[in-house]
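Take a look at the structure set out below.
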Amino acid sequence: MALKSDEKTCAMQCSVNNGGCSHNCVNGKNGAQCLCPESMVPAPNKTTCVKPCGLNNGDCSHICKNTEDGRAICSCQPGLPLGSDGRTCSQTFSAGYRCGCSIHAEISGTKKGSILFDLPTLLYGYQDLWAEDINGTFKVLDRYPNFNSKLVRRQLSQEDANTCLNILQNCPVDCERMAKAVIDDGLSTAMTIRGSSGSRTIPLGQIMCERLVAPLHPGRHPIVFYDPGPKCGRPVSTHFLQDALCCGHLRIPGLLETYVWNKKCDGQVSIKDLIAG
């Protein structure tokens, strides 16, 4: 029994301030017993009910989401895989199982020339395929839903994915897919780049010519290279871009000197090419 606020009348514990319970109260032989709704759990004080994620973040190391049936579902920040315990997130991807993808100038045959453009780096060893660029990590299919449209990727177990053999089987094809996903309009694909003077959006061909800083023999094509990492091999060519890259030297005394993408590959460049790009 408990004394009511008039300090004269006795009543069952749950009749006074709900027995001190935040939600449901049941009178028992030993006093009031607090009970929680199905979607909540008792706090350490045994009188307050909280959502599962409100108690030690649901034992999740990163993100916790409450369910209607009173469970805590753990997930990770973008780019970090959830561990086998279903609660702990790995802090980094394994550096040994990355597939670097980049586009280089064609020198002769498949020889690796100067780098023209960095594609996102593919990250292997997890249930989903992830990638990383200058903006951080992302799930490939979230950004490029049609990534697998040309050919379905092999489904690998967590254990199998962390082997050089399987990385070498996927890396060349995935770099080709990544190039086609990023460069959906050939060398005319508009790209936004950031510099000291701010951001600007220009065609990929112009970005490549500015990075090459040299004329390129007419008819040469940019080549996609894959790099499975030092543990698994060396960079190897995997795909020729369909468009030939032609870069011409443009110099206007006292004004500018740069290399300009010559879209028509006719050997002539002018300020109009730069402005049109």
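All heavy atoms count here, side chains included; hydrogens, waters and symmetry mates do not. Start at 1 with the first residue, then count along the sequence.
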Note to self: Run Cys89 and Cys76 through disulfide bond (SG atoms under 2.5 Å apart) and show every step you take.
What the structure shows: CA-CA 6 Å; Cys89 300; Cys76 302; 2.0 Å; yes
Next item on the list: Could you go through the disulfide bond (SG atoms under 2.5 Å apart) check for Cys64 and Cys74 one step at a time?
Entry: CA-CA 5 Å; Cys64 182; Cys74 302; 5.4 Å; no
Next item on the list: Determine, stepwise, if the pair Phe240 / Val224 fulfils side chain to side chain contact (heavy atoms under 4.5 Å, CB included).
Entry: CA-CA 6 Å; Phe240 280 74; Val224 178; over 6 Å; no
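For the residue pair Asn45 / Thr48, a side-chain donor-acceptor distance below 3.5 Å is found, with atom types taken as modelled.
If you chain together ILVMFWY residues whose side-chain heavy atoms come under 4.5 Å of each other, Val26 ends up grouped with Leu35. In the hydrophobic clustering (ILVMFWY side chains linked at under 4.5 Å, chained through shared members), Val41 is joined by Val50, Leu55.
Between Tyr259 and His249, the ring-plane angle classifies as tilted under the 30° and 60° cut-offs.
Atom NZ of Lys180 is separated from atom OH of Tyr144 by 15.0 Å, given to the nearest 0.5 angstrom.
A single hydrophobic cluster is seen to contain both Ile183 and Leu141, as judged by linkage of ILVMFWY side chains at heavy-atom distances under 4.5 Å, directly or through other members.
Partners of Thr192 by side-chain hydrogen bond (donor to acceptor under 3.5 Å, both in side chains), not counting sequence neighbours, listed by chain and number: Thr201. Applying the salt bridge (Lys or Arg N to Asp or Glu O under 4.0 Å) rule to Lys139 yields the partners Asp128; only residues at least two apart in sequence or on another chain are considered. Under the salt bridge (Lys or Arg N to Asp or Glu O under 4.0 Å) criterion, Asp118 pairs with Arg211, sequence neighbours left out. Gln242 meets the side-chain hydrogen bond (donor to acceptor under 3.5 Å, both in side chains) test with no other residue; sequence neighbours excluded.
A distance-only check finds no donor-acceptor pair linking the side chain of His62 to the backbone of Ser75 [under 3.5 Å]. Formation of a donor-acceptor pair under 3.5 Å by the Thr121 side chain with backbone atoms of Gly100 is not found in this model. Counting only distance, with no hydrogens or angles, the side chain of Asp243 and the backbone of Leu187 share a donor-acceptor pair below 3.5 Å. Not a single donor-acceptor pair under 3.5 Å links the side chain of Glu38 to the backbone N or O of Asp69. The backbone N or O of Thr137 lies less than 3.5 Å from no partner atom in the side chain of Glu132, so there is not a single donor-acceptor pair. Side-chain atoms of Asn27 come within 3.5 Å of backbone atoms of Cys14 as a donor-acceptor pair (strictly under, hydrogens ignored). In this structure, Asn57 contributes its side chain and Cys60 its backbone to a donor-acceptor pair below 3.5 Å. Checked by atom type and distance alone, the side chain of Asn56 never pairs as donor or acceptor with a backbone atom of Asp59 at under 3.5 Å. Looking at Asn18, its side chain never comes within 3.5 Å of a backbone N or O of Gly20 through a donor-acceptor pair. Between the side chain of Arg87 and the backbone N or O of Gly58 there is at least one donor-acceptor pair closer than 3.5 Å.
Contact of the Pro172 side chain with the Phe225 side chain is not registered, since no non-hydrogen atoms from C-beta on lie closer than 4.5 Å. Looking at Glu210 and Val260, their side chains never come closer than 4.5 Å, going by heavy atoms from C-beta outward. The shortest side-chain heavy-atom distance between Ser39 and Lys51 falls under the 4.5 Å cut-off. Looking at Val173 and Tyr226, their side chains never come closer than 4.5 Å, going by heavy atoms from C-beta outward. Side-chain contact between Thr47 and His23 is absent, with no heavy-atom pair separated by less than 4.5 Å. In this structure, the side chains of Ile202 and Trp261 stay at 4.5 Å or more apart for every pair of heavy atoms. Annotation: side chain of Ile193 is in contact with side chain of Arg200 (closest heavy-atom distance under 4.5 Å).
Looking at every heavy atom in both residues, Ser237 comes nearest to Ile223 through CB-CG2, 3.6 Å.
Here the two cysteines Cys34 and Cys25 have their SG atoms 2.5 angstrom or farther apart. Disulfide status for Cys232 with Cys171: absent, SG atoms not under 2.5 Å apart. If you check the gamma sulfurs of Cys36 and Cys49, they are less than 2.5 Å from each other.
For Asp185, the CG atom is densely surrounded, since the number of other residues' heavy atoms within 6.0 Å is greater than 12. The number of heavy-atom neighbours closer than 6.0 Å to CG of Asp142, taken from other residues, nucleotides and ligands shown, is above 12.
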